[in-house]
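The first residue in the sequence is number 1, and the count goes up from there.
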Amino acid sequence: MTTMTEASVREFKMPDVGEGLTEAEILKWYVQPGDTVTDGQVVCEVETAKAAVELPIPYDGVVRDLHFPEGTTVDVGTAIISVDVGGGSAAPAPAAEQPAAAQPAAAAPAEEPKAAGSGRQPVLVGYGVATSSTRRRPRKGPEVPVPQVSTAIQTELNGHAPAAPAAPAPAAPAPAAPAAPAGGERPLAKPPVRKLAKDLGVDLTTVVPTGPDGIITREDVHAAVAAAVAPEPQVAPAPAEAQAPASYDTTRETRIPVKGVRKATAAAMVGSAFTAPHVTEFVTVDVTRTMKLVEELKADKEFAGLRVNPLLLISKALLVAIRRNPDVNASWDEAAQEIVVKHYVNLGIAAATPRGLIVPNIKDAHAQTLPKLAQSLGELVATARDGKTSPAAMQGGTVTITNVGVFGVDTGTPILNPGESAILAVGAIKPQPWVHKGKVKPRQVTTLALSFDHRLVDGELGSKVLADVAAILEQPKRLITWA
């Protein structure tokens, strides 16, 4: 291996990109040994228990070693890349002498790679002395040349679980895969799109780009998945005696590793469900006037270029209800045995992403005008969909809204976001027969569900908050009269 002096080689360590997080998984390397890097250049993407984050290198130099392959979970404070900052040769170490972690996955030894300097016990601020516990993702068997789509994905796209495969038909020549980019160039795609393709098992070199300048979009990846699971020509089933017993069917189950955002969400929800005593109340309300106001606001020049939808007015209604009942906006301090009432509202919005459910929040939402709130909601949703939500955006929430109505669901019993006192679930808004001015008429109706922590919100307070939200949505002019 090329000799490197201690003075010229810098080790870039996994930083704490969250607030007190202890580990992160390396999703993608953007550089390889021998590449020249500059201060501030993004060298890899990592996923923590809160979000996916791109890591910039803090100095100039030449990459010498990548200490861990993609898919490895690394402790905070562990060196992940070595950079020669002394202006040495850009040639990487010979392949035969590189550490196993820097070799392609197919050539890596069966045992887990050891972190550089694993015998040391670095002292990290806030964590003390700890030995490395770096883990490598278990291998899932030999790779195949075509994208593999899980049973769960096929069920989502087709509306039903795939049937057990029939006896194999005579092999037919496989269609030629799309040509790889000229000169072996890396397909153009943003990091969230690459992560989506990785999660769905799609090889980006086989995806036809439709974005500007040949960039692969999320829609292109989903189209590739849809093509992979398209129904094949029907083949007459083999005689019963020739079919393999169902017990030999290896496609009946799919195992999905629980890690990152999903792992953190699972732990948080279990902790919340069994720590805070939940109470849920429901109300069904006529929101016809609110829906009319939404249409009027869409045509208002003050909302030009902004996304106006029912969630905007529901959010504003909840903020007004909290101002009228401020004690609901609180948290429980177990150590001090105190209720902490917040005089600000950081409004969380539950968002489903490819990495799992996240709850970013709008800071100081109580102080925002309706147009500003519309802008904040639009930015929050767009950032979440692109996988760019920062850990800071998910910290400090006080109350949350979860909109299950977008899935056609009438209502639910939501679990509190840890550290918060209340969460409002909004059901589907749809026409229903309703008594209006003494006559049964079709009206736009929805069901709201409010879950709250019964240690700090009693039945009266919770009922007042839910009733206020319902009253505003039934008569949205109360947004003015109650302001």
Side-chain angles (χ1 to χ4, degrees), residues 16-23 48-51 76 124-128 130 261-281 315 318-351 356-368 376 380 389-402 412-425 448-469:
D16 177 2
V17 296
E19 293 181 359
L21 297 176
T22 60
E23 64 183 19
T48 70
K50 300 181 185 294
V76 168
L124 304 179
V125 176
Y127 296 101
V261 174
R262 294 184 187 273
K263 181 178 180 180
T265 300
M269 291 299 98
V270 170
S272 176
F274 292 98
T275 301
H278 284 57
V279 173
T280 305
E281 294 186 342
S315 299
L318 179 58
L319 292 171
V320 172
I322 292 173
R323 187 176 58 79
R324 287 166 53 87
N325 305 275
D327 288 347
V328 75
N329 188 44
S331 62
W332 180 269
D333 187 334
E334 180 65 27
Q337 288 294 292
E338 294 176 341
I339 294 174
V340 182
V341 178
K342 312 292 179 61
H343 301 297
Y344 58 90
V345 181
N346 291 344
L347 180 63
I349 304 294
L357 181 70
I358 63 174
V359 188
N361 61 77
I362 300 172
K363 309 298 184 186
D364 293 327
H366 67 287
Q368 297 191 0
S376 298
L380 179 147
T389 302
S390 67
M394 292 182 282
Q395 301 295 317
T398 60
V399 295
T400 292
I401 294 177
T402 177
T413 54
I415 296 178
L416 294 168
N417 206 32
E420 299 181 9
S421 59
I423 178 171
L424 178 69
L448 307 174
L450 183 72
S451 291
F452 49 87
D453 185 341
H454 215 350
R455 294 175 299 179
L456 39 87
V457 179
D458 59 24
E460 179 186 14
L461 178 57
S463 298
K464 285 182 177 179
V465 172
L466 186 58
D468 279 357
V469 174

*Start with the C-alpha gap between F452 and H278, add the side-chain angles, then the distance that decides, and say whether side chain to side chain contact (heavy atoms under 4.5 Å, CB included) holds.*
CA-CA 6 Å; F452 49 87; H278 284 57; over 6 Å; no
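Residues P277 and D453 form a side-chain contact, since some pair of their non-hydrogen atoms from C-beta on lies under 4.5 Å apart. For the pair V399 and L347, the minimum side-chain heavy-atom distance is below 4.5 Å. Residues I322 and H366 have side chains not in contact (no heavy-atom distance under 4.5 Å, counting atoms from C-beta outward). The side-chain heavy atoms of V320 and D468, taken from C-beta on, include no pair separated by under 4.5 Å. For the pair I415/I423, no side-chain contact is recorded, criterion being any heavy-atom separation below 4.5 Å from C-beta on. Between P326 and H343, every side-chain heavy-atom pair lies at or beyond the 4.5 Å cut-off. For the pair E334/R455, a side-chain contact is recorded, criterion being any heavy-atom separation below 4.5 Å from C-beta on. T398 places a side-chain heavy atom less than 4.5 Å from the side chain of Y344.
Without hydrogens or angle criteria, D333 side chain to A336 main chain gives a donor-acceptor distance under 3.5 Å. The closest donor-acceptor contact from the side chain of S421 to the backbone of V328 lies under 3.5 Å. Using a distance-only test at 3.5 Å, with no hydrogens or angles considered, no donor-acceptor pair links the side chain of T402 to the main chain of A350. Remark: side-chain polar atoms of N346 are paired, donor with acceptor, to backbone N or O of D364 under 3.5 angstrom.
Within the model, atoms OG of S463 and CG of D458 stand 8.5 Å from one another, a figure rounded to the nearest 0.5 Å. Taken from CH2 in W332 to CD in E338, the straight-line distance is 10.0 Å, to the nearest 0.5 Å. Taken to the nearest 0.5 Å, the OG1 atom of T400 stands 4.5 Å off from the CG atom of N417. Interatomic distance, I362 CD1 to S315 OG, rounded to the nearest 0.5 Å: 6.5 Å. Residue L456 holds its CG atom at 9.5 Å from CG of D327, rounded to the nearest 0.5 Å. Interatomic distance, CG of L450 versus OG1 of T413, reported as 12.0 Å (0.5 Å rounding).
Residue-environment remark: NZ (K342) exceeds the threshold of 12 foreign heavy atoms within 6.0 Å.
The shortest heavy-atom contact between G462 and V457 is N-CG1, 3.6 Å. The heavy-atom pair separating G419 from S331 by the smallest distance is O-CB, 3.4 Å. The minimum heavy-atom distance between A321 and V469, with the atom names listed, is CB-CG2, 3.7 Å. S376 and Q368 get closest at one heavy-atom pair: OG-OE1, 2.9 Å. Residues L319 and A365 approach most closely at CD1-O, 3.5 Å, considering heavy atoms. Heavy-atom minimum distance, A449 versus G412: CB-O, 3.2 Å.
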